[in-house]
Amino acid sequence: MPEWPKDKLLKHGPELPMAERIRRYRHNIRVIRDSGCAVPTPALADTLDPAEIELWFADSAFRSHRLKRAIEAVAQLPEEATLPSPFTETDPD
């Protein structure tokens with residue numbers, strides 16, 4: 001059974017220049033593949049194409065920004081406000 005190569009993976013956070021982020025990301029994809037593990041595609045784009053990687057970073061940043069804005073908006077609601085539950089079905093009629 002393949003083992004996740006956590007000790008060989010490099011951080012590729014937004015504090016780094018884009019070229020370095022892409023270099024590290026490509027390194028990580030290669031290391032994951034070489035370990036025999038599958039690249040977790042919900043979390044990472046399984047590609048070595050620098051343009052696709054940069055797009056993935058941009059998309060992730062946009063999604064994070066949208067979630068942050070939504071959380072801030074919900075936090076500003078009055079205490080008595082209620083939100084619909086995503087776990088219950090509502091009758092569209």
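If you read the sequence from its start, that first residue is 1, and numbering goes on from there. Keep in mind that the numbers below use all heavy atoms, side chains included, and drop hydrogens, waters and symmetry copies.
- Between Arg33 and Asp46 there is a salt bridge, since at least one side-chain N of the basic residue sits less than 4.0 Å from a carboxylate O of the acidic one.
- Each of Val31 and Leu10 belongs to its own hydrophobic cluster when Ile, Leu, Val, Met, Phe, Trp and Tyr are linked at side-chain heavy-atom distances under 4.5 angstrom.
- Minimum heavy-atom separation, Ala38 to Trp4: O-CZ3, 3.8 Å.
- Residues Ser35 and Pro2 come closest through the heavy atom pair O-CB, 3.4 Å.
- Rounding to the nearest 0.5 Å places CG of Asp34 at 8.5 Å from NZ of Lys8.
- Listed for the Arg24 side chain is a donor-acceptor partner under 3.5 Å among the backbone atoms of Lys11.
- Hydrophobic clustering, with ILVMFWY side chains joined whenever heavy atoms are under 4.5 angstrom apart, keeps Ile29 apart from Leu16.
- By the 6.0 Å contact criterion, CD on Glu3 is open, its count of non-hydrogen atoms from other residues, nucleotides or ligands being 12 or less.
- Around atom CD of Glu15, more than 12 heavy atoms belonging to other residues, nucleotides or ligands sit under 6.0 Å away.
- Contact annotation: the side chain of Leu44 approaches that of Ile32 to within less than 4.5 Å [non-hydrogen atoms, C-beta and beyond].
- Connectivity analysis of hydrophobic side chains (ILVMFWY, heavy atoms under 4.5 Å, direct or indirect) links Leu83 to Val74, Leu77.
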Let me have the donor-acceptor pairs involving side chains of residues 51-62, under 3.5 Å, with sequence neighbours excluded, atom names and distances please.
unit_1 : atom_1 : unit_2 : atom_2 : d
Asp59  : OD2    : Arg63  : NH1    : 3.1
Ser60  : OG     : Trp56  : O      : 3.0

### Task
Might you work through the side chain to side chain contact (heavy atoms under 4.5 Å, CB included) test for Tyr25 and Leu48, ending with a clear yes or no?
CA-CA 8 Å; Tyr25 190 96; Leu48 294 174; over 6 Å; no
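- Note that CD of Glu20 is 10.5 Å distant from NE2 of His27, once rounded to the nearest 0.5 Å.
- Of the inter-residue distances, the one linking Lys6 atom NZ with Cys37 atom SG reads 12.0 Å to the nearest 0.5 angstrom.
- Using modelled atom types, one side-chain atom of Arg21 and one backbone atom of Gly13 make a donor-acceptor pair closer than 3.5 Å.
- With respect to Glu72 and Arg69, no salt bridge is recorded, no charged nitrogen being found less than 4.0 Å from a carboxylate O.
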